[in-house]
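Written out below as structure tokens is the structure these notes cover.
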Amino acid sequence: MKQALVDDTEDVSLDFGNEEELAFRKAKIRHPLATFFHLFFRVSAIVTYVCCDWFSKSFVGCFVTVLLLLSLDFWSVKNVTGRLLVGLRWCNQIDEDGKSHWIFEARKVSPNNTAATEAEARIFWLGLIICPMIWIVFFFGTLFSLKLKWLALVVAGISLQAANLYGYILCKMGGDSDISKAAASFLSQTVFQTACPGDFQKPGLEGLEIHQH
């Protein structure tokens with residue numbers, strides 16, 4: 001009887017780790033400062049561009065201010081917020097032969113270094129995708145209104161923010177060289193997650209993965 005009891009119970013395992021990890025990923029924002037600055041610089045650049053005529057009549061002052069905000073946004077997203085909010089990092093290096101190499105890294109998940117929460121990931125990707133689209137709208141608005149003096153600034157905004165978007169999409173897709181397929185796959189996945197957050201569970205980042213392309 002005792003042996004039968006052991007046999008009946010030895011296959012039973014209670015895995016609380018997955019439940020704790022799932023509850024953690026649905027928790028509140030863990031990096032409020034990084035989340036704030038992920039949106040602050042890019043939103044400030046857009047607001048300053050739209051309202052610069054109200055703040056100052058100096059074209060040079062407005063141009064420099066917006067360009068500075070865009071540069072700070074590019075640096076912070078590339079080097080800080082991507083690593084903290086989604087555990088991804090990318091860089092582009094030029095070797096001695098003049099060839100360009102993309103390097104992609106994924107954060108290692110451990111008891112002391114856990115994955116990002118869903119709220120942080122959603123804020124990161126939505127901010128990364130929506131803001132370049134706004135600058136594209138500004139581009140066509142500048143052309144149609146014949147405000148060509150702002151064209152260089154708008155192109156700079158598109159270039160800096162699209163570069164981060166391009167790098168992180170490739171990083172998310174594991175360095176897929178076909179950006180059109182990678183972007184289509186990722187954007188469809190993002191839309192699905194936003195529409196049905198409860199039916200989709202994002203996989204964790206297992207180990208430190210470095211891809212070169």
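- With Phe124 as the fixed residue, the side-chain contact (heavy atoms from CB on, under 4.5 Å) test singles out one of Leu39, Thr35, Thr81: Thr81.
- Every pair passing side chain to side chain donor-acceptor pair (under 3.5 Å) that includes a residue from residues 138-155 is listed here, sequence neighbours excluded: Tyr49-Thr142.
- Applying the salt bridge (charged side-chain N to carboxylate O under 4.0 Å, His left out) definition to pairs two or more places apart or across chains, those involving residues 63-78 are Arg42-Asp73.
- No side-chain heavy atom of Arg83 sits under 4.5 Å from any side-chain heavy atom of Leu88.
- For Arg89, the salt bridge (charged side-chain N to carboxylate O under 4.0 Å, His left out) criterion is met by Glu105, not counting sequence neighbours.
- Checking side-chain atoms of Gln161 against main-chain N and O of Phe74 turns up no donor-acceptor pair under 3.5 Å.
- Glu120 places no side-chain N or O within donor-acceptor distance of the main-chain N or O of Val86, the cut-off being under 3.5 Å.
- Looking at heavy atoms from C-beta onward, Trp135 lies out of side-chain contact with Val155 at the 4.5 angstrom threshold.
- Between Phe37 and Phe40, the ring planes are perpendicular. Angles over 60° get that label, and only those under 30° would be called parallel.
- For the atom pair CH2 (Trp90) and SG (Cys171), the distance works out to 10.0 Å, reported to the nearest 0.5 Å.
- A side-chain contact (heavy atoms from CB on, under 4.5 Å) with Thr48 is found for one member of Leu69, Val43, Leu68, Leu70 and no other, namely Leu69.
- Residues Phe138 and Ile158 share a hydrophobic cluster, clusters being chains of Ile/Leu/Val/Met/Phe/Trp/Tyr side chains in contact below 4.5 Å.
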